[in-house]
Amino acid sequence: MASPIFPSNSSSLSISVADDDDSDELSRMRTRVRRKRKKHHHRVKNELSQRIIRFVLKYWTLLIFLPAAGLLIYEASKIGRKPSLDDAKVSEQVVEVRKPSFQADLNKNIDDNNNKSGGNLNRLDPVTHIVGGVRERCLKLLPYEELQHLDIPNHDEFSGPVKNVVYISEKDTRHIGGNITLSGQRTEGTRFNLFTGHQTFDQRERSFKVNETAKLHCGFYSENGGFKISDEDRSYMQTCKVVVSTCAFGGGDDLHQPIGMLEASHEKVCYVAFWDEITLAAQESQEHRIGEDHFIGKWRVVVVRDLPFADQRLNGKIPKMLGHRLFPQAKYSIWVDSKSQFRRDPLGVLEALLWRSNSVLAISEHGARSSVYDEAKAVVKKHKATPEEVEVQITQYRHDGLPEDKRLYGKKALNEASIIVREHTPLTNLFMCLWFNEVVRFTSRDQMSFPYVLWRLKVLKDIHRFPVCIRKDLVNSMGHVRKAKPLIS
């Protein structure tokens, strides 16, 4: 079919065919070249990816270790660094005002000792927690400017079922039935003595019945009962309206200077530390001496003589629980265990934990346990008390009907009592007397008796049981420096 259309000229036919073949060949060559370049590009990328994968697989431990080590070094530098005043003001908006005249009052020996102490001492950084995905400060103090002008509320009349508390003393002849002889301190077989008086079981039961006028034992039963304080110290204590107090009996702890307060608060608040003669001797041996004005730094040191108990833990319950008896004019008090350094403005703490929530007492929830009965097991396991005396207490509480519930009034049924913030009202004074009588009658482990007294009294509802992170924000925990020495009978 080709011959009629094209003349029979072989050369032209060959040329035509050759042109078509060359064109097709060139097209195929270009296509092949382009394809080769594309494949080469992918090969380079694949080789690079494989090299990266091989490198990661070979050195993955090093790649994890280096960032972790860097983060650890950074965090360690933050812990070891004492916060400056500027850092503290940014973090908590409240700083300790360090005026030269005020700072001159600090005892140099105590400052030297504090500088040698590592760890948590003098830290002001706030403790935070996460709420709804947002990190917030646990203790929410007022802004710095508002704290400077914070006034102490004055409550002349107290609402509530208890209007007055009368303390039984040796002069009251109606409290002892039968022939009961009370000795001074360290009585064998019982811890009742001339300081406590002898509370019968009937009196114990009556003391929990709420009346407008409450009458009960509350220490300081006899003038010969011990816990002697000088007239000069007693006169000073009579002037205190707000007090931050601590004690170290038996030489067990050093005195940690409070930090974080405003100058305005320092002028309104007493800082009182109770020592016994053993602690006095231990501190003087380290060149920590009380000044002629009775102060060491910000603390007014009150040396107590003739302690009423051989158990130093029980002696420590006197300033811890009976502050209303030691400071009869005080309206508010903050108790801080001697193993801790108080690091917040006291008026700011009162506002945050009492006034803002209309509470009369604030105490921390327990961090590890929630039940009195679980606490009893832990006390025995840790050798904090003998199994026999714990069993006596728990048996009595079961007999009285104390439930084994882990919740009480919507909060944990167990509290941690290293910090106690309270208003001195007739009702809270009654509560503290009842609590003190329980630790005298049973064990010195006050965390076991606090929930029982709260449950028995029933009418004390204006209580702020704050979470553990607030307790950690209030103080720097230092731990006990040495074991306290008992009194020798």
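- Closest heavy-atom contact between Lys163 and Phe158: NZ-O, 3.2 Å.
- Taking the charged nitrogens against the carboxylate oxygens, Arg344 and Asp473 do have a contact shorter than 4.0 Å, which makes a salt bridge.
- Taking 4.0 Å as the cut-off between side-chain N and carboxylate O, Asp405 and Lys412 do not count as a salt-bridged pair.
- Under the 30°/60° scheme for interplanar angles, the aromatic rings of Phe327 and Phe274 are found to stand perpendicular.
- Neither side chain, His256 nor Gln341, offers a donor N or O lying under 3.5 Å from an acceptor on the other.
- Using modelled atom types, one finds no donor on one side chain facing an acceptor on the other under 3.5 Å when comparing Asn164 with Thr213.
- For the pair Leu255 and Ile296, the minimum side-chain heavy-atom distance is below 4.5 Å.
- Under the salt bridge (Lys or Arg N to Asp or Glu O under 4.0 Å) criterion, the residue pairs touching residues 227-249 are Asp233-Arg300, with sequence neighbours excluded.
- A donor-acceptor contact under 3.5 angstrom links the side chains of Ser338 and Asp253, judged on distance only.
- Put simply, the side chain of Asp293 gets close to the backbone of Phe295: a donor and an acceptor are under 3.5 Å apart.
- Ring orientation note: the planes of Tyr271 and Trp299 are nearly perpendicular, at an angle over 60° on the 30°/60° scale.
- Annotation: the span from Met237 atom CE to Ser245 atom OG amounts to 9.0 Å, rounded to 0.5 Å.
- Between Trp455 and Tyr452, the ring planes lie tilted relative to each other; the angle falls in the 30° to 60° range.
- In this structure, the side chain of Asn476 engages the main chain of Asn120 through a donor-acceptor pair within 3.5 Å.
- Note that CD1 of Ile229 and OH of Tyr236 are 13.0 Å apart. Values are rounded to the nearest 0.5 Å.
- Judged by distance alone, the side chain of His464 and the main-chain N or O of Leu353 form a donor-acceptor pair under 3.5 Å.
- Distance alone, capped at 3.5 Å, places no donor-acceptor pair between the Thr395 side chain and the Val392 backbone.
- Using a 4.0 Å cut-off between charged nitrogen and carboxylate oxygen, Lys268 and Glu263 do not count as a salt-bridge pair.
- Remark: the backbone N or O of Val336 is paired with a side-chain donor or acceptor of Thr246 at under 3.5 angstrom.
- In this structure a side-chain-to-backbone donor-acceptor pair under 3.5 Å is present from Arg137 to Leu139.
- Here Phe442 pairs with Tyr397 under the ring-ring contact (aromatic ring centres under 6.0 Å, His included) rule; sequence neighbours left out.
- Going from atom CZ of Arg343 over to atom CG of Asp125 covers 5.5 Å, rounded to the nearest 0.5 Å.
- In this structure, Leu322 CG and Trp435 CH2 are separated by 10.5 Å, a value rounded to the nearest 0.5 Å.
- Side-chain atoms of His324 and Tyr167, non-hydrogen and from C-beta on, do get closer than 4.5 Å to each other.
- For Thr279 and Asp276, the side-chain atoms include at least one donor-acceptor pair closer than 3.5 Å.
- Applying side-chain hydrogen bond (donor to acceptor under 3.5 Å, both in side chains) to Ser444 and the options Glu389, Lys317, Lys384, Arg191 leaves one that passes, Arg191.
- Contact between Pro161 and Val210 at its shortest, heavy atoms only, is CB-CG1, 3.7 Å.
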Check against ring-ring contact (aromatic ring centres under 6.0 Å, His included), Phe220 and Phe195: CA-CA 5 Å; Phe220 301 96; Phe195 180 81; 4.8 Å; yes
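- Sorted by first and then second residue, the salt bridge (Lys or Arg N to Asp or Glu O under 4.0 Å) pairs involving residues 416-428 (not counting sequence neighbours) are Glu416-Arg471.
- Rounding to the nearest 0.5 angstrom, the gap separating the CG atom in Leu427 from the CG atom in Leu361 is 9.5 Å.
- Scanning all heavy atoms of the two residues, the minimum distance from Ile318 to Pro308 falls at CD1-CG, 3.7 Å.
- The closest donor-acceptor contact from the side chain of Asp337 to the backbone of Ser340 lies at 3.5 Å or more, if one exists at all.
- Under a 3.5 Å cut-off, the side chain of Asn224 and the backbone N or O of Leu194 do not form any donor-acceptor pair.
- Taking the salt bridge (charged side-chain N to carboxylate O under 4.0 Å, His left out) definition, one finds that Lys458 meets it with nothing, sequence neighbours left out.
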Trp275/Phe249 under ring-ring contact (aromatic ring centres under 6.0 Å, His included): CA gap, chis, key distance, verdict: CA-CA 6 Å; Trp275 284 2; Phe249 293 151; over 10 Å; no
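- Ion pairing between a basic and an acidic side chain is recognised when a charged N comes within 4.0 Å of a carboxylate O; Arg356 and Glu351 show such pairing.
- Minimum interatomic distance between Thr443 and Gln393 (heavy atoms only, all atoms of both residues): OG1-OE1, 2.9 Å.
- Residues that satisfy the salt bridge (charged side-chain N to carboxylate O under 4.0 Å, His left out) test with Asp462, not counting sequence neighbours, are absent from this structure.
- For the pair Lys320 and Phe436, the minimum side-chain heavy-atom distance is 4.5 Å or more.
- Under a 3.5 Å cut-off, the side chain of Thr200 and the backbone N or O of Gln203 do form a donor-acceptor pair.
- Heavy atoms of other residues, nucleotides or ligands lying less than 6.0 angstrom from CD of Glu205 number more than 12.
- There is no side-chain donor-acceptor pair under 3.5 Å between Arg441 and Ser449.
- Here the side chains of Leu408 and Leu454 are in contact, with some heavy-atom distance below 4.5 Å.
- Using a cutoff of 4.0 Å between basic side-chain nitrogens and carboxylate oxygens, Arg445 and Glu375 are not scored as salt-bridged.
- Note that CD of Glu404 is 13.5 Å distant from OG of Ser370, once rounded to the nearest 0.5 Å.
- Using a 4.5 Å cut-off on side-chain heavy atoms (C-beta onward), Leu414 and Asp374 make no contact.
- Panel note: side chain Gln257, backbone Lys298; a donor-acceptor pair is recorded below 3.5 Å.
- The two residues Ile470 and Cys138 have their closest heavy-atom pair at CG1-O, 3.5 Å.
- Among all heavy-atom pairs drawn from Phe192 and Gln199, the shortest one is CZ-O, 3.8 Å.
- Not a single salt bridge (charged side-chain N to carboxylate O under 4.0 Å, His left out) links Arg325 to another residue, sequence neighbours left out.
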Derivation and outcome, salt bridge (charged side-chain N to carboxylate O under 4.0 Å, His left out), residues Arg313 and Asp311: CA-CA 5 Å; Arg313 293 170 301 176; Asp311 184 352; 3.3 Å; yes
